[in-house]
Amino acid sequence: MSYAARAVGHLHRKARTSPYPRSTVERCPVPDDKVPWLVEWRDYKPVEYTAAAILAGPSWADPQIGERGFSPKFNEMDGLVDRKSRSGLYEIENGRPRNPAGRTGLVGRGLLGRWGPNHAADPIITRWKRDNHGNKVPHPVSGKNILQFVAIKRKDCGEWAIPGGMVDPGEKISATLRREFGEEAMNSLEKSKEEKKKLEEQLHKLFSQEHLMVYKGYVDDPRNTDSAWMETEAVNYHDETGETMDNLTLEAGDDAGKVKWVEINDKLKLYASHSQFIELVAEKRGAHWSEA
């Protein structure tokens, strides 16, 4: 079964955890059998919560539903804002979008800026682990070659993750992937004009090569609510020879506290649904994942 099918066809769990991130807000507990909207639950009373930072009205966030002059076009392009879901059409109830993966125990937007889908992009940069002679290193048990990927340690929660981020209105996914990797794994925002130019050339070389679409759709994310949720496009850019990444110096920046190369295996504990994305990359590249 593809991860896409597992993500929406199976129960989201991180989207039901309490307390809600960066708050003391407890969700209304949702048992597994009550997650699907098709299951009737008349006594369902989700908690209403939208973070003060979102209600303050930053430029990247929507106003509140019902606010004067705000009439979003859900399930379509709304000006430069993409309100379409990668999982298909989602329902609107009382003017609010409804999470396609089911109940979360919380309504409002939490920490998310958009009502409905909030689109992100996750660039998975990989290379083969090599010995001192430049030969690929196989795993002693599985015999498959070991793959490495660039991971960042998120400042907000301290978890290791793929260095991704939100898609800006009107921005192409390919541009988001490159920008976010540059900002979080190469610290591009702090570089001088000359350094930025050189870095852009290197990133162009890396991101213009053959790539693999790993996943597109709903993400089981702790920030999700009944009315706002995360979706992503996870794309793998693989440096087969290792030469491109050898010339790039990893340096944590923006939302990243640390950055490093991490060996891929089934022991990885990563943020949100990132471990599943990494497993798919290992599978598609024929790399080591499990000793079983």
Side-chain angles (χ1 to χ4, degrees), residues 14-15 17-25 51-54 56 58-61 110-113 118-127 129 146-168 171 175-192 195-196 198-200 202-203 206-207 214-215 219-224 230-237 239 244-279 281:
K14 295 191 179 186
T17 51
S18 288
Y20 187 84
R22 288 186 250 170
S23 80
T24 56
V25 176
I54 303 299
S59 59
W60 46 268
L111 288 165
L112 299 177
N118 288 255
H119 295 291
D122 291 313
I124 304 169
I125 310 301
T126 55
R127 71 180 184 188
K129 182 180 182 180
I146 297 171
L147 204 57
Q148 300 174 320
F149 84 105
V150 175
I152 61 154
K153 191 172 188 181
R154 292 175 63 110
K155 285 180 182 175
D156 60 354
C157 61
E159 291 185 82
W160 287 92
I162 298 162
M166 306 307 293
V167 180
D168 289 339
E171 186 177 43
T176 310
L177 291 161
R178 191 158 89 178
R179 173 175 59 75
E180 286 293 340
F181 184 76
E183 289 175 4
E184 297 197 337
M186 315 296 300
N187 199 18
S188 62
L189 295 174
E190 301 298 320
K191 300 281 193 242
S192 67
E195 288 172 325
K196 274 183 182 173
K198 186 182 177 187
L199 182 59
E200 270 303 312
Q202 292 173 315
L203 288 175
L206 176 66
F207 282 87
V214 178
Y215 174 73
V219 180
D220 184 9
D221 190 289
R223 294 168 294 181
N224 291 355
M230 289 295 301
E231 298 197 7
T232 198
E233 289 193 28
V235 184
N236 175 217
Y237 293 87
D239 185 9
T244 304
M245 287 309 297
D246 281 350
N247 295 321
L248 288 171
T249 305
L250 297 179
E251 184 183 342
D254 198 24
D255 299 327
K258 293 179 182 177
V259 60
K260 65 178 181 179
W261 285 99
V262 172
E263 289 186 18
I264 290 177
N265 58 59
D266 64 354
K267 310 283 191 301
L268 285 174
K269 296 276 190 294
L270 300 175
Y271 178 77
S273 303
H274 291 190
S275 295
Q276 287 97 322
F277 301 159
I278 296 299
E279 181 182 0
V281 171

Handout entry: Enclosure of Lys269 NZ (heavy-atom neighbours >12, cutoff 6.0 Å)
Key = no
Problem - Any residue meeting side chain to side chain donor-acceptor pair (under 3.5 Å) with Asn187, in chain and number order, not counting sequence neighbours - result: Glu251
Exercise for the section: With the side chain counted from C-beta on, respond yes when Tyr20 and Pro222 share a heavy-atom pair under 4.5 Å apart, and no when they do not. Expected result: no
Exercise for the section: Could I get the full list of side chain to side chain donor-acceptor pair (under 3.5 Å) partners for Lys129, not counting sequence neighbours? Expected result: Glu263
Practice task
First locate atom CZ of Phe149, then atom CD1 of Ile264, and finally report the distance between them rounded to the nearest 0.5 Å.
Solution key: 6.0 Å
Problem - Check: His274 side chain, Ile162 main-chain N or O, donor-acceptor pair, under 3.5 Å - result: yes
Practice task
Under the ring pair (Phe, Tyr, Trp, His ring centres under 6.0 Å) rule, collect the residues that match up with Phe207, sequence neighbours excluded.
Solution key: Phe181, Tyr237
Practice task
Using side chain to side chain contact (heavy atoms under 4.5 Å, CB included) as the criterion, list what pairs up with Trp261, not counting sequence neighbours.
Solution key: Ile125, Arg127, Gln148, Val150, Met245, Leu250
Handout entry: Test item: Asp239 side-chain N/O and Thr244 main-chain N/O as donor-acceptor pair under 3.5 Å
Key = yes
Handout entry: Heavy-atom donor-acceptor pair, Ser188 side chain to Gly182 backbone, under 3.5 Å
Key = yes
Problem - Side chain Ser273, main chain Asp220, donor-acceptor under 3.5 Å - result: yes
Problem - Partner residues of Asp221 under the salt bridge (charged side-chain N to carboxylate O under 4.0 Å, His left out) criterion, sequence neighbours left out - result: Arg223
Handout entry: Set of side chain to side chain donor-acceptor pair (under 3.5 Å) partners for Asn236, sequence neighbours left out
Key = Thr126, Arg285
Practice task
Please list, chain by chain and in numerical order, all residues satisfying side chain to side chain donor-acceptor pair (under 3.5 Å) with Ser192, sequence neighbours excluded.
Solution key: Glu195
Practice task
Using the salt bridge (charged side-chain N to carboxylate O under 4.0 Å, His left out) rule, collect all pairs that involve residues 176-190, keeping only residues at least two apart or in two chains.
Solution key: Asp168-Arg179, Glu171-Arg179, Arg178-Glu200, Arg179-Glu183
Exercise for the section: Keeping to residues at least two apart or across chains, list the salt bridge (charged side-chain N to carboxylate O under 4.0 Å, His left out) pairs with something in residues 151-161. Expected result: Arg22-Asp156, Arg154-Asp156
Problem - side chain to side chain contact (heavy atoms under 4.5 Å, CB included) against Thr249, all qualifying residues, sequence neighbours excluded - result: none
Practice task
Please check if any side-chain donor atom of Asp122 sits under 3.5 Å from a side-chain acceptor atom of Thr232, or the reverse.
Solution key: yes
Fill in the blank from the handout: The side chain to side chain contact (heavy atoms under 4.5 Å, CB included) partners of Ser18 (sequence neighbours excluded) come to Glu26, Arg27
Fill in the blank from the handout: Sequence neighbours excluded, the answer for side chain to side chain contact (heavy atoms under 4.5 Å, CB included) partners of Lys198 is Gln202
